[in-house]
Amino acid sequence: MRLRKLTLREIHLPLIEPFQTSFDTSTLRRVLLLEADVDGIVGWGESTAGEDPYYSYETVETAWHILRDYLWPIVKGREFAAAGEVFDLFARVRGHNMAKAGLEIALWDAEAKLKKIPLATLLGGTRGEISCGVSVGIQPTIEQLIAKVERELGAGYQRIKIKIKPGWDIEPVRALRERFPGIRLMVDANSAYTLPDASHLKQLDAFYLIMIEQPLGWDDIYSHVELQRQLDTPICLDECIHDVEHARAAIEMRACSIINIKLGRIGGHTAARRIHDLCQSKSIPVWCGGMLESGIGRAHNIAMSTLPNFSLPGDVSASRRYWQADIIQPEVEVSPQGTIRVPAAPGIGYTPCIERVESLTRRREVLE
Ligand code: OSB
Ligand code: MG
């Protein structure tokens, strides 16, 4: 395989409704798409770098810079046997995993298309459908939260996650538990708390949540050890886990008992498989997180979620929850049982709508 040409593209996609977390409110996604021409076959990728450096230090601007000035020169015209070799070629560039992932996953799509097999099969996936949950942003009122959760449950979603922050935590969870005593429920704090909040967070133990995601510092694995000692609710790490050694450290230290895998945060499918395999060997379940992806990133998330240790429902949900119209055909749909059927077509298995992508494009750069 040889990468002949790489197209970087920024498209703008307005969200159907604002998505509020403890760190920001998102209304318009600036999506960085990658088209990798490998031996005449085009693989598609998406970098999940944000508009602003609030979830991680990467942004669309930094990812564009790193891709054009550092990653492209490493792989341009280079012969490689499989997409699985590329992540290690990028090692000299420290961090910038969302930039790396955008290109790396495009190469995986291209390899699967060259081999005429689904990406899920190439990755070693073992399931034909994946289980879906939803991530519900911070709402203006508890009444609106309950109404929203009711709609998502009605649509079939198997697990509800709500975003929390100081001032929006115990009461919304209590209200949801009173209304829906039997559902699989969890919370995600996106690093909004510090260790002195442990006794406050301890109140969450009353609501038998399946987990609390990333309560403490985005780069602070160690403080979660002490918090986990004090909580019965299992801790899941998201922001803290940037590579397989972070995962190993967090597991060995008992900072968490569940890990959220996001392709962008850890640098693509090769890194995801390594973390997946490590977690499987340690009996640590993983699930696939989301970054408000367009259909391209979503399709990659679906393929990755077919690996066997993705044993908890993820944040991968239907296109229509985010966009008036997605940029792929067909759109991602969720069954009344809260599952997504894994497509059988080669590569990511969904077709990018080129005309729609063109009409949404704000910036484009072709490297060859
Ligand atoms: O922490 O999982 C997160 C969205 C943006 C940034 C961080 C997170 C999220 C979500 C949304 O929770 C998941 C989704 O629906 O894509
Ligand atoms: Mg999270």
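Whatever order the structure lists ligands and atoms in, that order sets their numbers, starting from 1.
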Participant: Side chains of Asp277 and Val244, heavy atoms from C-beta outward: is any pair under 4.5 Å?
Facilitator: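 Answer no - side chains too far apart.
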Participant: What verdict does the ring-ring contact (aromatic ring centres under 6.0 Å, His included) test give for His96 and Tyr57, after you've listed the backbone C-alpha separation in whole Å, the side-chain angles of each residue and the deciding distance to 0.1 Å?
Facilitator: CA-CA 8 Å; His96 297 284; Tyr57 58 79; 5.4 Å; yes
Participant: Considering heavy atoms of the protein only, find what lies nearest to atom 14 (C) of ligand 1 and give residue, atom and distance to 0.1 Å.
Facilitator: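 For atom 14 (C) of ligand 1, the nearest protein heavy atom is Tyr322 OH, 3.3 Å.
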Participant: Look at the side chain of Glu10 and the backbone N and O of Thr361, then say whether any donor-acceptor pair between them is shorter than 3.5 Å.
Facilitator: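 The answer is no, because no donor-acceptor pair under 3.5 Å joins these two groups.
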Participant: Test of understanding: given a 4.0 Å heavy-atom threshold, classify the contact between Asn190 and ligand 1 as side chain, backbone, both, or neither.
Facilitator: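 Only the side chain of Asn190 comes within reach of ligand 1.
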Participant: Where the side chain of Arg127 meets the backbone of Phe310, is there a donor-acceptor pair that is under 3.5 Å apart?
Facilitator: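 Yes.
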Participant: Which of the N/O/S atoms in Glu213 sits closest to the Mg ion (ligand 2)?
Facilitator: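 Nearest N/O/S atom: OE2.
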Participant: Can you tell me if Arg78 has over 12 outside heavy atoms packed within less than 6.0 Å of its CZ?
Facilitator: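 12 or below, so no.
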Participant: Under a 4.0 Å heavy-atom limit, does Thr21 contact ligand 1 with its side chain, its backbone, both, or neither?
Facilitator: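 None of Thr21 does.
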Participant: Provide, to 0.1 Å, the distance between atom 9 (C) of ligand 1 and the closest protein heavy atom, together with that atom's residue and name.
Facilitator: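 Atom 9 (C) of ligand 1 sits closest to the protein heavy atom Gly290 O, 3.5 Å.
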Participant: For the Mg ion (ligand 2), find the closest N/O/S atom belonging to Asp188 and write down its atom name.
Facilitator: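 Of all N, O or S atoms in Asp188, the Mg ion (ligand 2) lies closest to OD2.
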Participant: I'd like to check which ligand 1 atoms, numbered from 1 as shown, lie under 4.0 Å from a non-hydrogen atom of Ser135.
Facilitator: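 Heavy-atom distances to Ser135 below 4.0 Å select 10 (C), 11 (C), 12 (O), 13 (C).
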Participant: Where the closest heavy atom to atom 10 (C) of ligand 1 is concerned, which of Lys163, Lys262, Met291, Arg298 has it?
Facilitator: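 Residue with the shortest heavy-atom distance to the ligand atom: Lys163.
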Participant: For atom 16 (O) of ligand 1, which protein heavy atom lies nearest, and how many Å away is it?
Facilitator: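 Here the nearest protein heavy atom works out to Leu292 N, 2.9 Å.
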Participant: Considering only N, O or S atoms, which atom of Asp238 is nearest to the Mg ion (ligand 2)?
Facilitator: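 Atom name returned: OD2.
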Participant: Determine, for Arg30 against Glu61, whether the closest basic-nitrogen to carboxylate-oxygen distance falls under 4.0 angstrom.
Facilitator: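 Looking at Glu61 together with Arg30, the answer is yes, because their closest N to O distance falls below 4.0 Å.
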Participant: Looking at Leu227, Leu216, Leu201, which one forms a side chain to side chain contact (heavy atoms under 4.5 Å, CB included) with Ile235?
Facilitator: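 Only one option passes, and that is Leu227.
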Participant: Polar contacts were defined as any N/O atom of the residue lying under 3.5 Å from an N/O atom of the ligand; does this apply to Asp188 and ligand 1?
Facilitator: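 Yes, at least one N or O pair falls under 3.5 Å.
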